[in-house]
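I have placed the structure first, in the form of structure tokens, so that the comments after it can refer back to it.
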Amino acid sequence: MQYDSVFDKWHEECGVFGIYDTTLPVMSYAYWGLFALQHRGQESAGIAVSDGTHIELVKGMGLVTEAIKELPPLKGYIAGGHVRYSTTGSNNPRNIQPLVIHYQGGDMAVAHNGNLTNAYALRKELEDKGSIFQTTMDSEVIVSLIARSKAASTEDRIIEAVNRVEGAFSLVITTNTKLIGVRDANGFRPLCLGKTANGYVISSESCALDAIKATFVRDIKPGEMVIIDENGVRSRFIKEEALLPQQSLCIFEYIYFARSDSNIDGQNVYAARINMGRELARETKYDADLVMSIPDSGTAAALGYSRESGIPFGEGLVKNRYMGRTFIKPDQSERDLAVRMKLNVVPDVVRGKRIVLVDDSIVRGTTSGIIVRMLKEAGAKEVYMCVSSPAIEYPCHYGIDTSVRKELIAATHSVEQIREYIGADKLHYLSREGLCRAIEALEERELCFACFDGHYAVEVPKEEEEGGKYVLED
């Protein structure tokens, strides 16, 4: 996941999409599917297409429309695609996915969403045995393990490989004749199955199914492998179901990462965010004149707050939707200017008002402080900051390129100190209990809260936990 220093946000690292259909132009449908998943990755995009005998790849840097400016006439009936974020400052074309290999089992294209916690150790082991790596991605470790496997079938090779890796992975794998989806045993990242008139789709989110008019079938279960070929759909588990760990879906899929029109593991994302706002209103009961959001991440929660409290909702901040992502600014004045280029206050909306300002999270606090100051400069009487998640105190190691712990403001400051730092008159984080009530379809034990409490479902290597120097990207 990429950190956007101007908006003080984390971003999901990537999205995966695959389609198997003998009657459709799968290259075009994969393109549209990736376009719908663009929010999950904006650094690069790629699509691999199989015609049954070999795989061809088209890829490029930038948005889907920039990476693939013209759809090449690739003929085939299976396609797998990927949109990606990279670590800050890393724009390496070699890291564009899917990764395509040619090995004794045939051709294979692998697209990966997530982060492997034991990738460094596995990579070192493989290099010691003579493996050569072309990228800096942990995804290539999976590819190497598949290629080196001695198992009889492609499916068994994949199962053998993914049972050696630890951490988060949702995979879309294109072979010469099959489309395969795999979700890690903890289910950290989402993956779902859809149906076209004459085929099937695998996607990170259901919103991509809607984009191509595919029908949602079901979520792929944690630890499940779905195989699609000429015989239809079947599934296997990467280990015995009785040995699978408890599901630990990333809570931030609901708070921020996923598109609001998606459904993940039985829960509509928009409904969850509305509920988060309602829970915030019940917990705070602020006496205010206006509820507004930091667009767009806080808008659904702000609407929920307004509906529950009866305080009117207003758009006091306007977002410039044509400004690209920005990275760390060299000084405070330039960071302030960058925020003002992205957001502008509507003075007539905020002047003289006591404002409930809703956002999904505070990472470092820099942007929140600038926005609060902008509102007060425009005449806001008071600003009550409400956050639709608990305080982020720990890094994530399952697909989010978060800061080391000491750079997370909640890890080193109390709520009162953060309030003073950002200049708000009040500050409230949604309680864990309120967050769990908002996500009605899942139980608390089925969600990962590691960024809030530091309890990691999969062991994290000491050097990574302490912010070590090695970086393997996805």
Crowded around Ile132 CD1? As in, over 12 foreign heavy atoms under 6.0 Å?
no
Could you check whether Tyr456 and His397 have their ring centres less than 6.0 Å apart?
yes
Can you find a pair of side-chain heavy atoms, one from Leu191 and one from Glu205, that are under 4.5 Å apart?
no
Taking Arg164's backbone N and O only, do any of them form a donor-acceptor pair with Asn118's side chain (distance below 3.5 Å, no angle check)?
yes
Is Arg183 positioned over the aromatic face of Phe169, cation under 6.0 angstrom from the ring centre and no more than 45 degrees off axis?
no
Go through the steps for Lys178 and Glu155 under the test side chain to side chain contact (heavy atoms under 4.5 Å, CB included), then give the verdict.
CA-CA 10 Å; Lys178 298 176 182 179; Glu155 297 162 33; 2.9 Å; yes
Please evaluate residues Asp261 and Tyr270 with respect to the criterion side chain to side chain contact (heavy atoms under 4.5 Å, CB included), reporting the C-alpha separation (whole Å), side-chain torsions for both, the decisive distance (0.1 Å), and the verdict.
CA-CA 6 Å; Asp261 53 337; Tyr270 182 78; over 6 Å; no
Do Asn95 and Thr136 have side-chain atoms, one donor and one acceptor, less than 3.5 Å apart?
yes
Whether His82 side chain and His112 backbone form a donor-acceptor pair below 3.5 Å:
yes
List the steps and the verdict of side chain to side chain contact (heavy atoms under 4.5 Å, CB included) for Tyr254 and Ile264.
CA-CA 8 Å; Tyr254 295 114; Ile264 296 176; 3.8 Å; yes
Let's go through Asp156 and Lys150 carefully: what are the C-alpha distance in whole Å and the side-chain angles of both, what is the deciding distance for salt bridge (Lys or Arg N to Asp or Glu O under 4.0 Å) to 0.1 Å, and is it a yes or a no?
CA-CA 9 Å; Asp156 290 336; Lys150 304 300 183 185; over 6 Å; no
Identify the heavy atoms of Ile422 and Gly365 that sit nearest to each other, and give their distance.
CG2-O, 3.6 Å
Donor-acceptor check, side chain of Arg94 to backbone of Gln134, threshold 3.5 angstrom: yes or no?
yes
State the OG-CD distance between Ser388 and Glu279, to the nearest 0.5 angstrom.
11.5 Å
Any side-chain heavy atom of Leu249 sitting closer than 4.5 Å to one from Glu446?
no
Within 45° of the six-membered ring axis of Tyr85 and under 6.0 Å from that ring's centre, is NZ or CZ of Arg40 located there?
no
Under the salt bridge (Lys or Arg N to Asp or Glu O under 4.0 Å) criterion, do Arg189 and Glu253 qualify, and how do the steps go?
CA-CA 8 Å; Arg189 297 289 152 209; Glu253 292 288 349; 3.1 Å; yes
Tell me, with the steps shown, if Asp265 and Lys221 meet salt bridge (Lys or Arg N to Asp or Glu O under 4.0 Å).
CA-CA 9 Å; Asp265 287 349; Lys221 298 176 182 178; over 6 Å; no
Are side-chain heavy atoms of Leu116 and Tyr398 found at a separation under 4.5 Å?
no
Which heavy atom in Phe237 sits nearest to a heavy atom in Ile159, and how many Å separate them?
O-CD1, 4.2 Å
Quick check for you: to the nearest 0.5 Å, what is the distance between Asn163 atom CG and Asp184 atom CG?
11.5 Å
Please answer whether the main-chain N or O of Asn263 pairs with a side-chain N or O of Ser206 as donor and acceptor at a distance below 3.5 Å.
yes
Is the side chain of Asn115 donor-acceptor paired with the backbone N or O of Ala168 at a distance under 3.5 Å, no angle test?
no
What's the spacing between His455 NE2 and Cys448 SG if we round to 0.5 Å?
11.0 Å
Indicate yes or no: at least one non-hydrogen side-chain atom of Val201 is less than 4.5 angstrom from one of Leu193.
no
Looking only at the side chains, is there a donor atom on one of Gln246 and Arg445 sitting less than 3.5 Å from an acceptor on the other?
yes
Does either side chain, that of Asp360 or that of Ser297, offer a donor lying less than 3.5 Å from an acceptor on the other one?
yes
Any chance you could measure Met27, atom CE, to Ile47, atom CD1, to the nearest 0.5 Å?
4.0 Å
Donor-acceptor check, side chain of Tyr103 to backbone of Ser144, threshold 3.5 angstrom: yes or no?
no
Please test Leu447 against Phe449 for side chain to side chain contact (heavy atoms under 4.5 Å, CB included), starting from the C-alpha separation and ending with a verdict.
CA-CA 6 Å; Leu447 298 163; Phe449 295 91; 3.6 Å; yes
Regarding His102 and Asp107, do their side chains bring together a donor and an acceptor under 3.5 Å, going by distance alone?
yes
Could you state the interatomic distance from CD1 (Ile362) to OG1 (Thr366), rounded to the nearest 0.5 Å?
10.0 Å
Kindly indicate, with the supporting measurements, whether the criterion salt bridge (Lys or Arg N to Asp or Glu O under 4.0 Å) is fulfilled by Glu224 and Arg218.
CA-CA 12 Å; Glu224 184 182 10; Arg218 63 178 178 86; 2.6 Å; yes
Please report the closest heavy-atom contact between Arg273 and Ile255, naming both atoms and the distance.
NE-O, 3.5 Å
Spacing of Ser203 atom OG and Asp210 atom CG [to the nearest 0.5 Å]:
9.5 Å
Quick one: does any side-chain atom of Ser204 pair with a main-chain N or O of Val16 as donor and acceptor, under 3.5 Å?
yes
Is there a side-chain contact between Ile228 and Arg234 (heavy atoms, below 4.5 Å)?
no
For Phe188 and Ala457, the nearest pair of non-hydrogen atoms, with its separation, is CZ-CB, 3.9 Å
So, do Phe257 and Phe252 have ring centers that fall under 6.0 Å from each other?
yes
Between Ser131 and Arg148, do the side chains contain an N or O donor and an N or O acceptor separated by less than 3.5 Å?
yes
Do Asn198 and Asp21 have side-chain atoms, one donor and one acceptor, less than 3.5 Å apart?
no
Tell me whether Lys195 at atom NZ has more than 12 heavy atoms from other residues, nucleotides or ligands lying less than 6.0 Å away.
yes
Sub-4.5 Å side-chain heavy-atom contact between Val110 and Met108:
yes
Close side-chain approach of Val172 to Leu179, heavy-atom, < 4.5 Å:
yes
Answer yes or no: is there an ion pair linking Arg437 with Glu433, defined by an N-O contact shorter than 4.0 Å?
no
Does a donor on one side chain and an acceptor on the other come within less than 3.5 Å for Asp229 and Thr177?
no
Any donor-acceptor N/O pair, Lys69 side chain to Glu66 backbone, under 3.5 Å:
yes
Ring centroid separation for Phe35 and Trp32, is it under 6.0 angstrom?
no
Where do Ile180 and Met225 come nearest, in terms of heavy atoms and distance?
CG2-CG, 3.7 Å
Just checking Glu459: does its CD atom have more than 12 heavy atoms from other residues, nucleotides or ligands closer to it than 6.0 angstrom?
no
Less than 6.0 angstrom separating the ring centers of Tyr394 and Phe452, yes or no?
no
Considering all heavy atoms, the nearest Val83-Gly41 contact
CB-O, 3.6 Å
Under 3.5 Å, is there a donor-acceptor pair between the side chain of Gln267 and the main chain of Ala441?
yes
May I ask you to say whether Lys129 pairs ionically with Glu125, meaning some side-chain N is under 4.0 Å from a carboxylate O?
yes
For the residue pair Ile294 and Met385, establish whether any side-chain heavy-atom pair is separated by less than 4.5 Å.
yes
